[in-house]
Visitor: 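Starting off with a structure, shown below.
Only a predicted model underlies this, so the values are computations on that prediction, with no experimental measurement involved. Heavy-atom basis, side chains included; hydrogens, waters and symmetry copies ignored. Per chain, numbering begins at 1; letters A, B, ... match sequence-line order.
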Protein chains: 2
Amino acid sequence: MDKTALQILEQHSIRPSVQRIEVVSYLYHNRIHPTADEIFNALNGTIPTLSKTTIYNILKLLEDGGVVKHINIDEKNVRYELIIGEHAHFRCDNCSRIFDIPAPTSKHNLPEGFTIRESDTYYQGICPECSKKPIV
Amino acid sequence: MDKTALQILEQHSIRPSVQRIEVVSYLYHNRIHPTADEIFNALNGTIPTLSKTTIYNILKLLEDGGVVKHINIDEKNVRYELIIGEHAHFRCDNCSRIFDIPAPTSKHNLPEGFTIRESDTYYQGICPECSKKPIV
DNA sequence: AATAAATTTGTAATGAATACAATATTATAA
DNA sequence: TTATAATATTGTATTCATTACAAATTTATT
């Protein structure tokens, strides 16, 4: 049982359960911005009775509770990550992996009247590993 | 028949057709970042035989040809816009409309080895109109 | 006009996400 | 503890955007 995951849930006043702890633990230890499906497949081994609906339920709960954030960089599926310090996302055109990248230092040019709640920066290009090998 | 839309297609070496001209024309005159479904519904009146598959086909063709770009700010549907000058996108939390906003002046903090092909900035918050009226 | 190529269309399939009701688990009251 | 209420999980069915694919139509070429 993951102590850190339990703490994260408690800090956000979300009642822990085996399933919730496992989801948070998975996101904590696998910073790969997984889809709901990937999380389900990863946890189905340890929790054989797991249902995919539960994953969706928990992700919604965690998002409402401010524990996770979804990422729209991939047009197929929604991806999720634990909310950590501010950063940007980089998706490699070649291997499709998503990397956490330091956020740019930006001066926003917002017209009069707009109020920003959140700002996200998405990069696309080639990651260091794929730069070294010939593009498939 | 929209002369401008025809020109845009010709500039990108895409053979014109009634359907293609109408899609480009719609995107040119309606800067609302529509979904494929919205485009279909808007054009189905003028082209009664129109098929939704055609809209998807054309959007893919236009995207490959560098005429349009898709936007992932909305987790439900993919949205489209004509490629114009660089700008950021702002989605209003209240009315869900997407606004074109001047791009921020950014100094990117890319780690060694990453190469950027494209960078997108997405804002979320409250638009001027919704700031004035009480939030629903 | 005949034939080939390109485009559009309709239908069926896919697959992520949601709705919902049933079951199981946990907390609370007696 | 036992009974009851509240919460959480699960399975199934549904929705809906998108894609696959083949037939029909339109446009270009010989």
Visitor: Are A:Thr35 and A:Asn77 linked by a side-chain donor-acceptor pair shorter than 3.5 Å?
Guide: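 The answer is no; no qualifying pair exists.
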Visitor: Would you indicate which nucleotide in D:dT10, D:dT19, C:dA17 comes nearest to any side-chain atom of B:Tyr56?
Guide: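 Closest nucleotide to the B:Tyr56 side chain: D:dT19.
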Visitor: Write down the distance between CG (B:Leu61) and P (C:dT7), rounded to a whole number of angstrom.
Guide: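 The answer, rounded to whole Å, is 7 Å.
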Visitor: Return the value, rounded to whole Å, for the distance between atom CD1 of A:Ile21 and atom C1' of C:dT26.
Guide: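 After rounding, the reported distance stands at 14 Å.
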Visitor: Calculate, to the nearest 0.5 Å, the distance between atoms CD1 and CG belonging to B:Ile83 and B:Leu27 respectively.
Guide: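 Nearest 0.5 Å value for the CD1-CG distance: 11.0 Å.
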Visitor: Classify the nucleic acid contact of B:Thr35 as base, sugar-phosphate or nothing, counting any heavy atom under 4.0 Å across all strands shown.
Guide: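 No contact at all - B:Thr35 keeps every heavy atom at 4.0 Å or more from the nucleic acid.
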Visitor: Round to a whole Å and report the spacing from CG of B:Asn41 to P of D:dC16.
Guide: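 Atom CG in B:Asn41 sits about 13 Å away from atom P in D:dC16.
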Visitor: Please report the distance, rounded to the nearest Å, between CZ in A:Arg79 and C1' in C:dA17.
Guide: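 It is 15 Å, rounded to the nearest whole Å.
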Visitor: Determine the contact category for A:Ser17: base if any of its heavy atoms lies under 4.0 Å from a base atom, sugar-phosphate if only primed atoms, P, OP1 or OP2 are that close, otherwise nothing.
Guide: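 A:Ser17: backbone/sugar contact only, no base atoms under 4.0 Å.
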Visitor: Whole angstrom is fine here: how far is it from CG in B:Asp64 over to P in C:dT7?
Guide: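 Going from CG in B:Asp64 over to P in C:dT7 covers 13 Å.
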Visitor: Have B:His70 and B:Glu81 got a donor and an acceptor in their side chains that come within less than 3.5 Å?
Guide: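 No, no side-chain donor-acceptor contact under 3.5 Å.
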Visitor: Please report the distance, rounded to the nearest Å, between CD1 in B:Ile58 and P in D:dT19.
Guide: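 Rounding to the nearest Å, CD1 of B:Ile58 and P of D:dT19 are 15 Å apart.
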Visitor: Does A:Asn57 reach a base, just sugar-phosphate, or nothing at all? Heavy atoms under 4.0 Å.
Guide: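 Answer is base: heavy atoms of A:Asn57 come under 4.0 Å of a base.
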Visitor: Determine: side-chain N/O of A:Gln19 to OP1/OP2 of D:dT10, distance under 4.0 Å, yes or no.
Guide: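 Result: yes.
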Visitor: Can you list the steps and then say if A:His108 with B:Tyr123 is a ring-ring contact (aromatic ring centres under 6.0 Å, His included)?
Guide: CA-CA 10 Å; A:His108 300 303; B:Tyr123 296 110; 5.0 Å; yes
Visitor: Quick check for you: among C:dT9, C:dA17, D:dT19, whose closest atom lies nearest to any side-chain atom of B:Thr49?
Guide: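 Nearest nucleotide to the side chain: C:dT9.
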Visitor: Does A:Lys52 reach a base, just sugar-phosphate, or nothing at all? Heavy atoms under 4.0 Å.
Guide: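 No contact.
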Visitor: Of A:Asn77 and B:Thr53, whose nearest nucleotide on DNA chain C comes first from the 5' end?
Guide: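 Comparing both residues, the 5'-ward one is B:Thr53.
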